[in-house]
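Just below is one structure, and these are the notes that go with it.
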Amino acid sequence: MSNLLKLVAPSDHTVRRRETAVDTLTMGVAPGKPSLITLPHPEGSRSVRASALVFEDPTSVSLLQRIQRVAPSEANVLIIGDTGTGKELIARHVHALSQRRKEPFVAVNCGALSETLAEGELFGHEKGAFTSACRAKTGWFETANGGTLFLDEIGDLSLNIQVKLLRVLQEREVVRVGSCSPVPINVRLIAATNVRLEEAVLAGNFREDLFYRLQVVRLALAPLRERPGDILPLVHYFVDQYSQRLGLGQVTIAPATEAKLLAHAWPGNIRELENAIHHGLLVAQNGVLRPEDVHLFSFLSARAAEVATAAPRETSQAVAQIQQALPTLFGENHGALYEHIEGIVLNAAYEYCHCNQVQAARLLGISRNVIRARLIKQGIISALK
Ligand SMILES: Nc1ncnc2c1ncn2[C@@H]1O[C@H](COP(=O)(O)OP(=O)(O)OP(=O)(O)O)[C@@H](O)[C@H]1O
Ligand SMILES: [Mg+2]
């Protein structure tokens, strides 16, 4: 059985909102809607996004079968998976298999919505509703009416917006900011997150009632290293796609290259694999992709290697130094000593990870939501970041 599924090409209604310069450059902007970026067909994007799903590993095949069973229902879906595992692609696939396939699919990245603008962006606003509202604006819910609204990085929504979202889901209507008249809404919601929302619920950063409303169907995407049977089929798929795009003709993959790709841990998942193949083909010579053409650097694995190769003695020495310093700190009678030390640890980890919250959270073994809340509380980042 071939598990290479051709996806239904997105309809002209397909809209998405991205914060990356690459996508903004390659897509058209819909007239009269400066923040609405359209992707009329898959070729509009630099990646080979949304043209096919490669699923060969048994884990992926059983997920795919589950998707086929649940997609035609109207149930809200929560997709969970690490960065680059294909959450958006799965959301598009669910839409393509649903009764709503001819209606709009609207993708919104909640992480890119600032706290102040989120309400107007999602639910729309009337002219004059706030200082910068010089004309009325349709929100993403209204734009997606009849179709599917994909809310990516849902864990980044503030508690204030979570309450409003819950209300919209319960009442099935939106009220634009500055208006009193509700607009009926018929939208299927698909949300995605790369953080464990359960932890965010426990930490008080995500509403439990909203969590249950969102995850009527829960689809968990495994990291690529846990579905090794997908690696080579994906490699062959991306080699075919990119060699065609680059006009390279037939490209052979050397057996040593396959071995190298199979041995990698893929912390950036399928996106990392896609980029590695794209780059490899740009430098490959004589129609052969050799191991040295494929660069598998990754920030996370470099850091992990650094930590792993650091002498264990050094680590225990460092811990001993902290333990020795503690009595002195206790003697200083700080008052809020715990908060103070937590601030020092958070600040150091955040700087060590070049201000990357996801990586700093991993370093400390806590969730992205928890670290974000803590960084805000400690005044290290602002609530708007
Ligand atoms: N099963 C798959 N078959 C083919 N291509 C895939 C597959 N899964 C993901 N991709 C490709 O990998 C890239 C990343 O996928 P996608 O954007 O859906 O991931 P994501 O989980 O939403 O990432 P992020 O967490 O960073 O938002 C895209 O170019 C997508 O087309
Ligand atoms: Mg995504």
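Ligands are counted one by one from 1 in listed order, and the atoms in each one are counted from 1 as well.
Here F211 and F206 keep their ring centres 6.0 angstrom or further from each other.
Note: F150 and F105 have parallel aromatic rings, judged against thresholds of 30 and 60 degrees for the angle between ring planes. Note on ring orientation: taking the six-membered ring where Trp is involved, the planes of F238 and Y242 are tilted (angle from 30° to 60°).
Separation of atoms OG1 (T193) and CD (E198) is listed at 9.0 Å; rounding is to 0.5 Å.
Between the choices T83, L89, T85, the shortest heavy-atom distance to atom 18 (O) of ligand 1 belongs to L89. Remark: among candidates I270, L64, V54, I90, the nearest residue to atom 3 (N) of ligand 1 is V54, based on non-hydrogen atoms. Checking E272, R271, Q241 against atom 14 (C) of ligand 1, the nearest heavy atom belongs to R271.
Looking at ligand 1, you won't find any N or O of R227 less than 3.5 Å from one of its N or O atoms. The shortest N/O to N/O separation between Y237 and ligand 1 does not fall below 3.5 Å.
When each atom of ligand 1 is checked for a heavy atom of F55 under 4.0 Å away, the hits are 1 (N). Those atoms of ligand 1 with a heavy atom of D152 less than 4.0 angstrom away are 27 (O). Ligand-side atoms of ligand 1 in range of E88: 18 (O), 22 (O), range being under 4.0 angstrom from any heavy atom. Atom numbering of ligand 1 starts at 1 in the shown order; those under 4.0 Å from a heavy atom of E274 are 11 (C), 12 (O), 13 (C), 28 (C), 29 (O).
Heavy-atom neighbours of Q250 CD from other residues, nucleotides or ligands within 6.0 Å: at or below the threshold of 12. Counting heavy-atom neighbours within 6.0 Å of E74 CD, excluding the residue itself, gives a total above 12. Summarising the local packing, CD of E226 is surrounded by more than 12 heavy atoms from other residues, nucleotides or ligands at distances under 6.0 Å. More than 12 heavy atoms of other residues, nucleotides or ligands lie within 6.0 Å of CZ in R176, so this atom counts as buried by the packing criterion.
Heavy atoms of G84 come nearer than 4.0 angstrom to ligand 1 in at least one pair. Within the 4.0 Å heavy-atom cutoff, N109 does not count among the residues contacting ligand 1.
Here F238 has side-chain heavy atoms under 4.0 Å from ligand 1, and that is the only part of it that gets that close. By the criterion of a heavy-atom distance under 4.0 Å, neither the backbone nor the side chain of L221 is placed next to ligand 1. Using a 4.0 Å cut-off between heavy atoms, E153 makes no contact with ligand 1 at all.
Of all N, O or S atoms in D152, the one lying closest to the Mg ion (ligand 2) is OD2.
Cluster membership check: I344 does not share its hydrophobic cluster with L363, using side-chain heavy-atom separations under 4.5 Å among Ile, Leu, Val, Met, Phe, Trp and Tyr.
Looking at heavy atoms from C-beta onward, E199 lies out of side-chain contact with N369 at the 4.5 angstrom threshold.
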